[in-house]
Amino acid sequence: MDAKGLKRRYDATRAASYLAEREPEARWRLEQEAVAECLSVLRPGQTILDAPVGTGRFLELYETLGLVATGVDSSDGMLAEARKSPRSLDDGVRLQRGDIFALSFPAGAFDAVVCMRFVNWLDILDVSRAVRELTRVSRTYLVLAVEVY
């Protein structure tokens with residue numbers, strides 16, 4: 001699937017049910033734990049980019065760790081859901097529309113970047129483009145989940 005198809009797939013209707021469908025999954029909880037473990041090396045005040053941020057599933061984790069979070073997504077529906085999170089706006093999280101293939105941040109802008117449940121939807125050329133852009137904006141860490149079928 002191409003990136004435009006993904007954007008259409010996660011419209012407002014789909015975004016509204018996304019969390020409710022996935023939170024009960026054992027795999028979802030395991031991913032939460034794995035990301036928490038990976039990010040435990042960061043110190044409070046360090047910066048993190050979540051791309052695509054989706055519904056903001058990790059915003060509470062970022063707040064718990066004291067991280068300064070920015071979330072980017074190309075889907076207005078997913079961003080609207082992320083903005084409903086009690087952690088999104090109250091804690092200074094920046095949420096913005098953006099293109100994972102052309103992020104609007106300078107090189108090395110973030111201490112870490114998280115990218116979950118995204119690249120497995122792309123063809124290999126777009127995977128390469130996305131990973132190249134994510135590593136460009138990360139100073140140190142990239143937490144990348146690739147689901148293999």
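No experiment lies behind these values; they were computed from the predicted model shown. Note that these values count all heavy atoms, side chains included, but never hydrogens, waters or copies made by symmetry.
Distance check: R132 CZ to D126 CG gives 10.0 Å after rounding to the nearest 0.5 Å. Within the model, atoms CG of L67 and CG of L42 stand 5.5 Å from one another, a figure rounded to the nearest 0.5 Å. To the nearest 0.5 Å, atoms CZ (R57) and CD (E31) are separated by 4.5 Å. Here the CG atom belonging to L59 is positioned 11.0 Å from the CZ atom belonging to R83, to the nearest 0.5 angstrom.
The side chain to side chain donor-acceptor pair (under 3.5 Å) test applied to R43 returns no partner, not counting sequence neighbours. For L144, the side chain to side chain contact (heavy atoms under 4.5 Å, CB included) criterion is met by C115, V119, V131, L142, V146, not counting sequence neighbours. Applying the side chain to side chain donor-acceptor pair (under 3.5 Å) test to T135 and every residue at least two apart in sequence or in another chain returns nothing. In this view, A34 satisfies the side chain to side chain contact (heavy atoms under 4.5 Å, CB included) rule with no residue, not counting sequence neighbours. Among residues two or more places apart in sequence or in another chain, the ring pair (Phe, Tyr, Trp, His ring centres under 6.0 Å) test is passed with F58 by none. Under the rule for a ring pair (Phe, Tyr, Trp, His ring centres under 6.0 Å), Y141 has no partner lying at least two apart in sequence or in another chain.
Counting all heavy atoms, side chain and backbone alike, A82 lies closest to G54 at CB-O, 3.4 Å. G45 and V68 make their closest contact through O-CG2, 3.7 Å (heavy atoms, listed as atom of the first residue, atom of the second, distance).
Between T47 and T70 the shortest side-chain heavy-atom distance does not fall below 4.5 Å. The shortest side-chain heavy-atom distance between E133 and I100 does not fall under the 4.5 Å cut-off. Side chains of F105 and L49 form a contact here, defined as non-hydrogen atoms less than 4.5 Å apart. Proximity of I48 to L65: side-chain heavy atoms (C-beta onward) are nowhere separated by under 4.5 Å.
Screening residues 64-73 for salt bridge (Lys or Arg N to Asp or Glu O under 4.0 Å) gives no qualifying pairs among residues at least two apart or on separate chains. Pairs engaging residues 101-113 under the salt bridge (Lys or Arg N to Asp or Glu O under 4.0 Å) rule: D111-R139 [sequence neighbours left out].
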Before giving the answer on side chain to side chain contact (heavy atoms under 4.5 Å, CB included), spell out for D50 and V93 the whole-Å C-alpha distance, their side-chain angles and the decisive distance to 0.1 Å. CA-CA 11 Å; D50 191 334; V93 174; over 6 Å; no

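Each of V53, L95, L103 was compared with V72 under the side-chain contact (heavy atoms from CB on, under 4.5 Å) criterion, and only L103 meets it.
The aromatic rings of F118 and F101 lie tilted to each other, with the angle between the two planes from 30° to 60°.
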